[in-house]
Amino acid sequence: MNGTESDAGDAPADEPPVVVKVGGAKAVDPAGAVGDVAHLVANGRRVVVVHGGSTVVDETLERLGIEPEYVESASGVTGRFTDAETMEAFAMAMAGKLNTELTAQFRSAGVDAVGLSGVDGGLLSGPRKSAVRVVEDGKKKIRRGDHSGRIESVNADLLADLLADGYTPVVSPPMAGDEGDGEVTPVNADADRAAAAVAGALGADLVLLTDVSGVYADPDDPETRIDAAATPDELAAVEDAAEGFMGKKVMAAREALSGGSGRVVIADANVRDPVVAALGGAGTTIERSALGGEGESGAETGGETA
């Protein structure tokens, strides 16, 4: 990392791991995160990277002559509908191209990175959803033939062993979808929610990097960024303000905290030292105390995939 070191990058032995979600949109440059993770790891912080890849998946589909299809879930969240043909392109782009390239970038930066898909070692697993509930023209419908899943299990032991041995896991969907008859099928899973599941399982801090500086009270005005949420009322205000893609990130934040993460920060990937800055307070920080006394999130999971 260039520039002066921040205290957020110096890791006492009792510091929790950090899960860094690197966005897949074209507007998100991973270079800053790569250098920052290298800095954190060099200073003894355990880091797991989870990445998305929506733009590259769409580009791969278009090259194959397949029209990307997005649907709206019953809860109002937009996600990709992944049929069998789309799933092939998804696996090519995510676990093949993007994961390999990002792992190479980390290794070039001196990080002993290991690339993994959610299928490897049963890292991310849960039931496959062959049908999803969607809203089309204002009507609720069932769409069949979907290749997506709901993450119910994280192989935290695999990640913990890699971290203990000095490796930095670089994780991407697909996940291992259980078919109910013992068969496993690679299926799509939302990368933000995959990062949330990993952070919860490891008791890690979660940094969700995106192309804006946090959640804005007025989505069109960066000056209205909500800096922190530490109470249920403050979390409710963040949820009310989150629109579009940000709604999915706030949903992931809630899931991470419910699963065991201590805090979640939604922050800008394109600033200098983005991860260290986020851990130091830049962005929208949501504390576990914002859940109040509630347990597992009851958020609907149908159809909300990357």
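None of the values given here were measured: they were computed from a predicted structure. If you read the sequence from its start, that first residue is 1, and numbering goes on from there.
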### Query
Is the charged tip of Arg143 near the ring of Phe81: under 6.0 Å from the six-membered ring centre and within 45° of its axis?
yes
### Query
Hey, does the side chain of Glu234 reach the backbone of Ala230 with a donor-acceptor pair shorter than 3.5 angstrom?
yes
### Task
Before giving the answer on salt bridge (charged side-chain N to carboxylate O under 4.0 Å, His left out), spell out for Asp192 and Lys249 the whole-Å C-alpha distance, their side-chain angles and the decisive distance to 0.1 Å.
CA-CA 6 Å; Asp192 286 321; Lys249 294 186 184 302; 3.0 Å; yes
### Query
OG1 of Thr185 to CE of Met87: how many Å apart, nearest 0.5 Å?
9.5 Å
### Query
With a 3.5 Å cut-off and no angle check, do the side chains of Asn188 and Thr82 form a donor-acceptor pair?
yes
### Query
For the atom pair OG (Ser261) and CZ (Arg288), what is the distance rounded to the nearest 0.5 Å?
8.0 Å
### Task
Indicate yes or no for a side-chain donor-acceptor contact from Arg193 to the backbone of Ala256 under 3.5 Å, with no hydrogens or angles considered.
no
### Query
Out of Pro173, Ser117, Pro174, which one pairs with Pro186 under the side chain to side chain contact (heavy atoms under 4.5 Å, CB included) rule?
Pro174
### Task
Identify whether the distance between the nearest side-chain nitrogen and carboxylate oxygen of Asp227 and Arg225 falls below 4.0 Å.
yes
### Task
Look at Glu136 together with Lys141 and state whether they make a salt bridge at an N to O cut-off of under 4.0 Å.
yes
### Message
If the threshold is 4.0 Å, N to carboxylate O, is there a salt bridge linking Arg254 and Glu239?
### Response
yes
### Message
Using only atom types and a distance under 3.5 Å, with no angle test, would you say the side chain of Asp181 pairs donor to acceptor with the backbone of Glu183?
### Response
yes
#### Entry: Salt bridge present between Arg128 and Asp178 (N-O < 4.0 angstrom)
no
### Residues Ser148 and Asp146: side-chain donor-acceptor under 3.5 angstrom
yes
### Spatial distance of atom CG (Asp58) from atom CD1 (Ile66) [nearest 0.5 Å]
11.0 Å
#### Entry: Stepwise salt bridge (charged side-chain N to carboxylate O under 4.0 Å, His left out) check, Asp36 with Arg45
CA-CA 11 Å; Asp36 232 8; Arg45 197 76 182 261; over 6 Å; no
### Query
Hey, does the side chain of Arg46 reach the backbone of Glu15 with a donor-acceptor pair shorter than 3.5 angstrom?
yes
### Query
Taking it one step at a time, do Thr224 and Asp221 satisfy side-chain hydrogen bond (donor to acceptor under 3.5 Å, both in side chains)?
CA-CA 6 Å; Thr224 66; Asp221 185 359; 4.9 Å; no
### Message
Under a 3.5 Å distance rule, please check whether Arg107 uses its side chain to pair with a backbone N or O of Ala113 as donor and acceptor.
### Response
yes
### Query
If you measure from OG on Ser172 to NE2 on His51, what distance do you get to the nearest 0.5 Å?
4.0 Å
### Query
Ignoring hydrogens and geometry, is there a side-chain-to-backbone donor-acceptor pair from Tyr167 to Ala164 under 3.5 Å?
no
### Task
Mind checking the CD-CG spacing from Glu152 to Leu124? Nearest 0.5 Å is all I need.
12.5 Å
#### Entry: Nearest-0.5 Å distance, CG of residue Leu162 to CG of residue Leu116
6.5 Å
